[in-house]
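Have a look at the structure below, then the notes.
In listed order, ligands and their atoms are each counted from 1.
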Amino acid sequence: MPMPSFDTIVIGAGPNGLAAAHRLASKGAAVLVLEAGAAPGGGAGLAHLAYNLDPRVEAAMNLSAHGLVWQTANLATTALSPDGAHLRLEGAFGERLSGDLPEADRTAWAALRARLLRFAAVLSPLNRIAPPRIARGAGNPMTSLAMIGLRARMLGAAEFRELGRILLTNVHDLLDDELTDPRLKGALAFDATLGGWLGPRSPNSVLPWLVRLSGQTAGVQGALGVPKGGMAALGAAMASAATARGVTLRVNAPVARIVIEGERTKGVVLASGEVIGAARVISAIAPTTTLLSLVGPRHLDAGLVTRARHQRARGGAAKLHLTLRSLPDFRGADPKDRLIIAGSEHDVERAFNPVKYGRVPDRPSLEVMIPTAHEPAADGRHHLSAIAQFAPHAPADRDGARAAMLAACLAQLETHAPGIGALVEDAELLMPYDIEARFGLPGGQWHAGELSVEQMLFLRPLPGIAQYKAPVPGLWLASAGCHPGGGVSGSAGWNAALAMETAG
Ligand SMILES: Cc1cc2nc3c(=O)[nH]c(=O)nc-3n(C[C@H](O)[C@H](O)[C@H](O)COP(=O)(O)OP(=O)(O)OC[C@H]3O[C@@H](n4cnc5c(N)ncnc54)[C@H](O)[C@@H]3O)c2cc1C
């Protein structure tokens with residue numbers, strides 16, 4: 001093993017790896033980030049909206065000084081209707097609704113929206129701490145949970161009971177109890193299940209939604225942001241901030257193995273065979289990949305290996321990119337909006353059903369963004385970026401499923417923007433398995449491991465290793481697969497760096 005030139009190696013230059021690297025470099029560590037791809041940013045290049053960029057990360061990395069400018073920090077959503085009777089949700093998380101809507105729904109939505117944001121705000125401090133340890137002898141493990149419990153209790157008895165009730169119900173029933181309008185319920189059901197492997201009727205589907213709603217953009221809870229230059233520009237700003245802080249960043253440098261000698265982490269071996277020594281390694285790629293592939297089962301407890309193999313990482317989101325000759329017309333909707341094609345909460349559930357059995361839905365739900373409506377391209381063409389749910393992560397015939405999914409997405413778009421098919425110059429559809437191959441997210445899973453109740457908090461990424469510390473001394477875990485999960489937030493990376501500082 002060569003003499004280490006760096007204190008810490010970070011594997012992966014996604015949002016979490018860059019956030020962790022920046023934090024550690026700020027504390028004086030010599031940090032090397034190794035990125036498999038040709039550019040830093042990771043899944044930020046896949047994303048098209050910001051919803052949970054960690055305010056600690058944004059401020060400490062001074063991202064505005066490194067090129068982050070919000071094109072809009074509070075994007076409106078339009079729930080599309082095939083007959084052009086759209087519903088527009090303006091302001092953060094549909095603060096104002098415009099469009100034809102029963103008065104009773106407006107009133108019920110105002111109350112439900114306020115309640116969901118309130119509950120999410122109570123839970124949001126959880127994003128900024130390592131999950132409490134449950135093990136015996138773990139000091140005062142439950143203090144942070146008790147604090148959250150106290151905050152929840154301070155909502156008042158009725159609200160506290162309601163929080164408990166909705167956590168145990170599902171998104172479909174919650175929406176159905178309060179609202180009648182299918183466009184509104186469809187858009188909300190889509191939002192609630194975005195990035196998950198669950199439909200609106202799946203049990204425990206409300207908690208992941210509250211986690212999503214606990215995020216903010218530019219200080220506004222529930223707001224959606226579009227950076228100038230797109231989300232890739234946000235990844236680039238994070239990389240620029242990290243390197244300005246003294247972090248060394250190497251791209252095209254995939255790590256093949258973590259070196260463990262004498263039961264301690266000693267460094268890494270790149271796919272090229274190059275060996276780089278460091279006393280600490282932070283893996284900001286999926287925890288299961290880290291443990292099972294880069295560390296290897298022989299260095300791990302057999303029980304942990306089994307748990308890692310059983311961790312669920314099914315991605316249900318596909319990504320569509322279209323190059324269009326001109327701007328499509330979604331029956332009068334503002335092309336700058338986030339456009340949701342969901343129909344109703346039932347349609348979202350119907351789009352999930354076949355995916356459970358490895359099949360493609362006839363009518364996937366879509367979240368459509370047209371970045372060129374915000375920033376026109378020099379050649380006058382338009383680019384459409386859409387997240388399509390749901391898509392099977394492991395169909396028997398991958399090429400066939402990709403072709404069927406593309407056809408289903410284009411049919412959905414044609415229904416809502418007649419003539420769009422004739423405008424398409426180029427189409428690319430990334431299925432979850434394509435995303436896994438390109439971005440290294442197991443199963444193409446948004447959170448590098450499903451963010452479901454049984455894989456959250458002290459159970460994330462796996463029971464027994466939820467405080468960012470891997471079971472091998474000197475190795476730490478920091479990706480979206482750790483608490484509090486994914487999105488272009490940097491939270492897990494920041495929390496991991498804090499945990500390392502505390503550990504000394
Ligand atoms: C279809 C889809 C759409 C999404 N849209 C959005 C969105 O609109 N908004 C949003 O906030 N989030 C979105 N997400 C989620 C978001 O992209 C991820 O949650 C987030 O990128 C996770 O950050 P990370 O830093 O943990 O990991 P990643 O961003 O996955 O970064 C990990 C990095 O490690 C690198 N790497 C992998 N293996 C190795 C290795 N062996 N050696 C060296 N480097 C390696 C990868 O190349 C990658 O750059 C989306 C996800 C999907 C699947």
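- By the 4.0 Å N-to-carboxylate-O rule, R338 lies close enough to D191 to be salt-bridged with it.
- Contact annotation: for N16 versus ligand 1, heavy atoms closer than 4.0 Å belong to both the backbone and the side chain.
- Polar contact check, G41 against ligand 1: no nitrogen or oxygen pair lies under 3.5 Å apart.
- For the pair R212 and Y51, the cation-pi test (distance below 6.0 Å, angle within 45°) is passed.
- A salt bridge links R250 to E274: at least one charged side-chain nitrogen sits closer than 4.0 Å to a carboxylate oxygen.
- The protein heavy atom nearest to atom 7 (C) of ligand 1 is A47 CB, 3.1 Å.
- T372 places a side-chain N or O within donor-acceptor distance of the main-chain N or O of H383, the cut-off being under 3.5 Å.
- The part of Y51 lying near ligand 1 is the side chain, judged by heavy-atom distances below 4.0 Å.
- Residue L49 places at least one N or O, backbone or side chain, under 3.5 Å from an N or O of ligand 1.
- Counting heavy atoms closer than 4.0 Å to ligand 1, residue P432 contributes nothing at all.
- Using cut-offs of 30° and 60° for the angle between ring planes, the H393 and W197 rings count as perpendicular.
- Taking any N or O of Q445, backbone or side chain, none lies under 3.5 Å from an N or O belonging to ligand 1.
- A side-chain donor-acceptor contact under 3.5 Å links Q455 to the backbone of R312.
- Atom 1 (C) of ligand 1 has its nearest heavy-atom neighbour, among I387, I435, V488, in I435.
- Residue contacts with ligand 1 for T289 are absent, since no atom lies close enough (heavy atoms, distance under 4.0 Å).
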